[in-house]
Amino acid sequence: MRSPHAFRNGDTPSPHHRNPTPPFHNTVTLRKLRRFNSLIFVFRVTAFTFSLASSVFMVTNSRGSDSPHWFDFDAFRFVFAANAIVALYSLFEMGVSVWEISTGATLFPEILQVWFDFGHDQVFAYLLLSADSAGTALAKTLKGTDTCTASNSFCVQSDISVALGFAGFLFLGLSSLLSGFRVACFIINGSRFHL
C-alpha cells in the first residue's frame, strides 16, 4: 500500500499538505535566536518594572486630607493610567516572550505576532511618552505655586513617578526597535528570523 504522502512523477502535492519537519537551524543560529529573544525579554521585564513602579509611586502620592492628591490633577491621572496600561501590556508580552524562548514558536501565527508586537509597542510607547510629557509640564507648573512649598514631598514623589515613566518609555522604545527589526526581517525573508 502506498503512503498517502508519496507522490509519483508529475504529481503535485496538495496545497493542504504540510511538511511536519521544522526548517533546519544549526546550533549557532539557534543560540543567536535565543539571545535575540532573551534581549527582547529583558527589555520587556525592564519596561514592566519601571512602569509598575511609576504607577505605584503615583497612586501612593497622597499624604492626608490637607495635602494635594494625585487624582485632583488630570495629567497625573494620565500618567498613572498610561503606566498601568503599559505595565499590563508588558506583563502579557513577557509571557509571550517566555513562550517563544521555551517552545521556539510564537503564541499567535507568525505574521500576526510580528505585527501585533510592533504595532502595540509603537502605540504604547507613544502613549507613555505623551503621558509623561503632560506629567512633566504639570510638575514644572506646580513648582512655581504654593502646592510644592506647602507639600514638597508630593512634588518630589510626582517627579519620581514621571521619571520612572520615562525610563519605562526608554525600554519600551528599545523593545519597539527590536520588534520593528523582526517586522523588517519578516517582510524581507518571510520569517521573523534575520538568519
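Residue numbers run from 1 in the order of the sequence given. Just so you know, these numbers use all the heavy atoms, side chains as well, and skip hydrogens, waters and symmetry mates.
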So, do [X] and [Y] sit near enough that their side-chain heavy atoms are less than 4.5 Å apart?
X    : Y    : value
L174 : L178 : no
S158 : W70  : no
F154 : L142 : yes
F166 : F50  : no

Name every donor-acceptor pair, under 3.5 Å, that has one atom in a side chain of residues 77-88 and the other anywhere in the protein, sequence neighbours excluded.
unit_1: R77; atom_1: NH1; unit_2: F71; atom_2: O; d: 3.0
unit_1: R77; atom_1: NH2; unit_2: D74; atom_2: OD1; d: 2.0
unit_1: N83; atom_1: ND2; unit_2: S54; atom_2: OG; d: 3.1
unit_1: N83; atom_1: ND2; unit_2: V79; atom_2: O; d: 2.8

Which value, rounded to the nearest 0.5 Å, describes the distance between [X] atom [atom1] and [Y] atom [atom2]?
X    : Y    : atom1 : atom2 : value
F171 : S90  : CZ    : OG    : 12.0 Å
L91  : S51  : CG    : OG    : 11.5 Å
F41  : I101 : CZ    : CD1   : 6.5 Å
T106 : F116 : OG1   : CZ    : 12.0 Å

Sort and list the pairs that fulfil salt bridge (Lys or Arg N to Asp or Glu O under 4.0 Å) and have at least one residue in [range], not counting sequence neighbours.
range            : result
residues 143-169 : K143-D159
residues 33-59   : R44-E93, R44-D121
residues 100-112 : E100-R182, E100-R192, E110-R192

D117: what forms a salt bridge (charged side-chain N to carboxylate O under 4.0 Å, His left out) with it, not counting sequence neighbours?
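Counting only residues at least two positions away or on another chain, D117 forms no salt bridge (charged side-chain N to carboxylate O under 4.0 Å, His left out).
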Go through the structure and list residues passing salt bridge (charged side-chain N to carboxylate O under 4.0 Å, His left out) with K140, not counting sequence neighbours.
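Counting only residues at least two positions away or on another chain, K140 forms no salt bridge (charged side-chain N to carboxylate O under 4.0 Å, His left out).
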List the residues meeting side-chain hydrogen bond (donor to acceptor under 3.5 Å, both in side chains) with [X], not counting sequence neighbours, and say none if there are none.
X    : value
S176 : Q122
T141 : none
S55  : none

In one Ile/Leu/Val/Met/Phe/Trp/Tyr side-chain cluster, 4.5 Å: [X], [Y]:
X    : Y    : result
M94  : F92  : no
V56  : F76  : no
F118 : F186 : yes
F43  : L127 : no
L177 : F181 : yes

Sequence-distant partners of F169, side-chain contact (heavy atoms from CB on, under 4.5 Å), two or more places apart:
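Partners of F169 by the side-chain contact (heavy atoms from CB on, under 4.5 Å) criterion, ordered by chain and then number, come out as A125, L128, L129.
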Go through the structure and list residues passing side-chain contact (heavy atoms from CB on, under 4.5 Å) with W99, not counting sequence neighbours.
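Only T103, L107 meet the side-chain contact (heavy atoms from CB on, under 4.5 Å) criterion with W99.
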Heavy atoms of other groups near I111 CD1, more than 12 under 6.0 Å
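Not more than 12 within 6.0 Å, no.
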Should we count CZ of F73 as having more than 12 external heavy atoms under 6.0 Å?
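Yes, CZ of F73 has more than 12 neighbouring heavy atoms, counting only those of other groups under 6.0 Å.
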Full working for side chain to side chain donor-acceptor pair (under 3.5 Å) between S161 and N61
CA-CA 9 Å; S161 177; N61 195 7; over 6 Å; no
Under 3.5 Å, is there a donor-acceptor pair between the N37 and S97 side chains?
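Side chains of N37 and S97: no pair found under 3.5 Å.
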If every non-hydrogen atom of [X] is compared with every non-hydrogen atom of [Y], which pair is closest and at what distance?
X    : Y    : result
L112 : F108 : CD2-CB, 3.9 Å
A47  : G168 : CB-O, 3.9 Å
D132 : G165 : OD2-C, 2.8 Å

Fellow cluster residues of Y126, listed by chain then number, with links counted only when side-chain atoms sit under 4.5 Å apart:
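So far as hydrophobic clustering goes, Y126 is joined with none.
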